[in-house]
Amino acid sequence: MRKYAFRKMTRDDFNTRVERLDPQYFRGGNAANVQTCCTSARPFLCLLLGFGWAYLIFSIAEKRNLIETSLLRGSIPAQYHDYIFYALAALLSVSAVMLAIHVMRYAFMRRGRPARSNSGGLLAGATMAAALVYTPTSVFEAGFGLLDDDSQSFIMATSQGVREAIPAELTSVAFIVTD
């Protein structure tokens, strides 16, 4: 029969074992200090996503007549037009709920948390999209009038170049079903 050396485990032995098994707990000393959230803060990406999402939602909400006209010109049967509007209404209502969730996350989370930072970026992008969509045309015209002649000609040339590069106008787009 073999003889084994048994000895009493000391505090140093315990600390060595804890450090080997869970180094983050050993460094923090308390389980509450361990960060359980694996998301990372990407506020600029969330700003862009929030802007695109809100711009789409605000454009849909504002241009119901344009969507209806496009559906009438298209080849989708009239019996399906209601379903399309129901889907768009569901999209708008889900977006409103998600916006409210992000407002709550931003308002009630502690500073420095990645989720709060991401929600803040998303809300900032949505705010910029709302400002862009709901700003009156006269404000843009007044701002364009404040520019000097060189800047105005540069903007007009760039606008013309974009129109030539993209052959379709977005106002002439219609919903068409191909068989």
Side-chain angles (χ1 to χ4, degrees), residues 1-64 66-67 80 82-136 139-140 143 146-147 151 154-155 158-159 161-162 165-166 168 170 173 175:
M1 181 163 164
R2 288 185 166 173
K3 288 189 174 185
Y4 295 100
F6 289 103
R7 68 181 179 90
K8 187 175 179 182
M9 190 178 219
T10 64
R11 184 70 180 175
D12 291 334
D13 295 332
F14 176 76
N15 287 340
T16 305
R17 187 168 183 188
V18 168
E19 183 179 15
R20 183 174 39 111
L21 293 176
D22 194 357
Q24 192 170 7
Y25 176 80
F26 181 75
R27 273 185 249 115
N30 188 359
N33 292 337
V34 177
Q35 184 180 4
T36 57
C37 181
C38 298
T39 62
S40 58
R42 294 187 174 100
F44 185 71
L45 178 65
C46 288
L47 179 108
L48 293 176
L49 288 173
F51 180 83
W53 165 59
Y55 189 79
L56 174 75
I57 295 303
F58 292 142
S59 296
I60 289 172
E62 191 176 72
K63 297 178 177 151
R64 185 191 190 286
L66 181 67
I67 294 171
Y80 297 123
D82 289 337
Y83 296 122
I84 292 172
F85 282 114
Y86 296 153
L88 290 176
L91 175 71
L92 292 174
S93 61
V94 167
S95 295
V97 169
M98 292 303 294
L99 185 65
I101 288 172
H102 282 288
V103 167
M104 299 300 275
R105 278 177 71 179
Y106 185 75
F108 294 117
M109 288 191 110
R110 290 188 314 245
R111 289 187 181 270
R113 298 287 305 260
R116 184 174 196 261
S117 176
N118 291 340
S119 289
L122 194 124
L123 292 173
T127 303
M128 284 189 269
L132 183 66
V133 169
Y134 292 115
T135 300
V139 173
F140 288 115
L146 292 174
L147 297 174
S151 299
F154 176 73
I155 290 174
T158 305
S159 176
V162 169
I166 301 174
L170 296 178
V173 175
F175 293 103

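Atoms considered below: every heavy atom in the structure, side chains included; atoms not considered: hydrogens, waters and symmetry mates.
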Indicate every side-chain donor-acceptor pair of residues 125-135 with a distance under 3.5 Å to a residue at least two apart or in another chain.
unit_1 : atom_1 : unit_2 : atom_2 : d
Thr127 : OG1    : Leu123 : O      : 2.8
Thr135 : OG1    : Ala131 : O      : 2.1

Sequence neighbours excluded and cut-off under 3.5 Å, please list the side-chain donor-acceptor pairs for residues 52-60, or say none.
unit_1 : atom_1 : unit_2 : atom_2 : d
Trp53  : NE1    : Ser95  : OG     : 3.3
Ser59  : OG     : Tyr55  : O      : 2.8

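A distance-only check finds no donor-acceptor pair linking the side chain of Arg105 to the backbone of Ser119 [under 3.5 Å].
Surrounding CZ of Phe44 are at most 12 heavy atoms belonging to other residues, nucleotides or ligands under 6.0 Å away.
Distance check: Arg42 CZ to Leu47 CG gives 15.0 Å after rounding to the nearest 0.5 Å. Put simply, CZ on Arg110 and CZ on Arg116 are 11.0 Å apart, with the number rounded to the nearest 0.5 Å.
Partners of Tyr106 by ring pair (Phe, Tyr, Trp, His ring centres under 6.0 Å), not counting sequence neighbours: none found. Residues meeting the side-chain hydrogen bond (donor to acceptor under 3.5 Å, both in side chains) test with Asn15, sequence neighbours left out: none. Applying the side-chain hydrogen bond (donor to acceptor under 3.5 Å, both in side chains) criterion to Ser159, with sequence neighbours excluded, gives Arg163. Legend: residues meeting side chain to side chain contact (heavy atoms under 4.5 Å, CB included) with Val94, ordered by chain and number and at least two apart, are Met98. By the side-chain hydrogen bond (donor to acceptor under 3.5 Å, both in side chains) test, Ser93 is found to be paired with no residue, residues two or more places apart in sequence or in another chain being considered. Pro136 pairs by the side chain to side chain contact (heavy atoms under 4.5 Å, CB included) definition with Ser138, Val139, not counting sequence neighbours. Arg64 pairs by the salt bridge (charged side-chain N to carboxylate O under 4.0 Å, His left out) definition with Glu68, not counting sequence neighbours.
The closest side-chain donor-acceptor pair between Asp13 and Thr10 falls under 3.5 angstrom.
Of all heavy-atom pairs between Pro43 and Asn118, the closest is N-OD1, 3.8 Å.
Within the structure, no pair that satisfies the side-chain hydrogen bond (donor to acceptor under 3.5 Å, both in side chains) test touches residues 82-92, not counting sequence neighbours.
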